[in-house]
Amino acid sequence: MAKWYESAVFYELYTRMFRDANGDGFGDFDGVYEKLDYLKNLGVDAIWFPPFYASPLRDGGYDIANYRLVDPRYGTMEDVERVFARAHALGMHVMIDLVINHTSDKHVWFDASRRSKDGPYGDYYVWADDDKGYAGTRVIFGATEPSNWTYDPVRGQYYWHRFYKEQPDLNFDNPKVQQEVFDIADFWVAKGVDGFRLDAIPFLFEREGTNNESLPETHAFLAKLRSHLDETYGGEVCLLAEACVPADENLRYFGTEAAPECNLCFNFPLMTDLFRAPKTKDAAEIRQTCRRLFSDLPAGAAWSNFFRNHDFLTLELLPELKVRQMLEWYAPPQGMLNGGIARRLGPVLDYEEKVIRALTALLVSLPGAPCWYYGDEILMGDDPSLPDRDSVRLPVPWDEVERAEADPNSFLNWLKKLLRIRRTTPPLLEGDFRVVEGEPPSVFAFRRSLPNGQSVKFSIDFATMEYSWEA
Ligand code: GLC
């Protein structure tokens, strides 16, 4: 029996910008509540909420000051639980972000850690006497951070951070830190969540002489977390990995049959292929990626295929030549920042609906759980002149949504229809995947088949952006 998440349509709901019920300029859970029927009608099966916990918002909430408190700007814990319960009543699942690589520097653990080396929190973070360690590690937020080490005058030592310096990395070699993670996960399952997006998961452990990404210790911890959840909740709680790493490395985040890790992984390798193919008019890259990614997954594992999210459209996985092409095709005048471009689906594809519809039909016909970014259902705009990733985090213009709902030819109504077709076509949900060989170079075709013989062939021609399903 397939698990609930394996072919679910996910919707990333950025609470702060989604719906502001009390008019204080900050989206909130009461606003989400008002719009749950809208999401259900759209065809959403699961909502993913990025962090809404107490936070100084240096990094959009990914800098957590308290894992168990709702930031009051979003509402109360009761408001959150009300949303979770109503989502469940409508038949939707709920995922939240588990940001465990780091906390905010305003978390009480960090405060205690910097004040007392020998205290109970002394070993919660990664401290060193100098900034020479782990020299082979890339700096992810290189536009603002000169180093992964920052000196803390209170403790008189350097601390390690893979992101902003206000986000000190937790020390996963400390068993107490690992236990904290299990406790936080249990806390939120008790509040009603069905799973967790594992933020920045390749970076948990550090070892000298490596690049400190996807280390064996990190995989061992993920297997432990998964077995804790499986044993406690009977395999119903889902882990979704955010690991922006090359295909072979990404596949390892599913773990093995003997030691499973994540149930879902964001499909970063496919994401850039999807944007490249309409420009190259060549299906070779996407064919190769899909052949590699969609065969031989462990039981219960699936890809979360997506176009856009709350981050940059990342070019991190591409070689230099392809990065240059992507910038030529898609970059705003501001160019690239921290390895990506701050555009949304509609504007980045010049609102060319023929292209967008064909790519979306492909996205939801591939095996796995597509993940939709809030607002892209109305091809919402962006504003690359804004700093960092604010360009792709604008408030939903609800008047535009209403207009789109009333227009039978809108992208929104087309998307609803598409998701209905998918929902009622069993091979598109649970069929296996086989590339159809021998097509012209611009065509990507594959067949999804069920054991009962039912099957669907999907094909897309990147030269014309025509697509079709046939039996
Ligand atoms: C992930 C999040 C991103 C955040 C970073 C650090 O990549 O998606 O928004 O800045 O982790 O938590």
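None of the values given here were measured: they were computed from a predicted structure. Counting starts at 1 for both ligands and their atoms, following the listed order.
In the vicinity of His102, heavy-atom distances shorter than 4.0 Å reach the ligand 1 atoms 6 (C), 12 (O). For ligand 1 and His310, the ligand atoms under 4.0 Å from any heavy atom of the residue are 2 (C), 3 (C), 8 (O), 9 (O). Taking every non-hydrogen atom of Phe163 and a distance limit under 4.0 Å, the qualifying atoms of ligand 1 come out as 5 (C), 6 (C). With ligand atoms numbered from 1 in the order given, ligand 1 contributes 3 (C), 4 (C), 9 (O), 10 (O) to contacts under 4.0 Å with heavy atoms of Arg389.
Checked against a 6.0 Å centroid threshold, the rings of Tyr67 and His107 count as neighbours. Centroid-to-centroid, the aromatic rings of Phe307 and Tyr373 stay 6.0 Å apart or farther.
Counting only non-hydrogen atoms, the option in Asp311, Asp59, Leu198, Asn338 that gets closest to atom 3 (C) of ligand 1 is Asp311.
Within the 4.0 Å heavy-atom criterion, neither part of Tyr164 lies near ligand 1. With a heavy-atom cut-off of 4.0 Å, Arg197 touches ligand 1 through its side chain alone.
In terms of protein heavy-atom proximity, atom 2 (C) of ligand 1 is nearest to Asp199 OD1, 3.0 Å. Here the heavy atom of the protein found nearest to atom 7 (O) of ligand 1 is Glu242 OE2, 2.7 Å.
The closest approach between any non-hydrogen atom of Arg162 and ligand 1 is not below 4.0 Å.
Of the listed residues (Asp376, Asp390, Asp382, Asp383), just one forms a salt bridge (Lys or Arg N to Asp or Glu O under 4.0 Å) with Arg344, and that residue is Asp376. Under the ring pair (Phe, Tyr, Trp, His ring centres under 6.0 Å) rule, Trp127 has a single partner from Phe110, Tyr158, Tyr151, which is Phe110.
Qualifying side-chain contact (heavy atoms from CB on, under 4.5 Å) partners for Thr76, counting only residues two or more places apart in sequence or in other chains: Glu78, Asp79.
Atom CD of Gln288 has 12 or fewer heavy atoms from other residues, nucleotides or ligands within 6.0 Å.
Under the 6.0 Å distance and 45° angle rule, Arg82 counts as a cation-pi partner of Tyr33.
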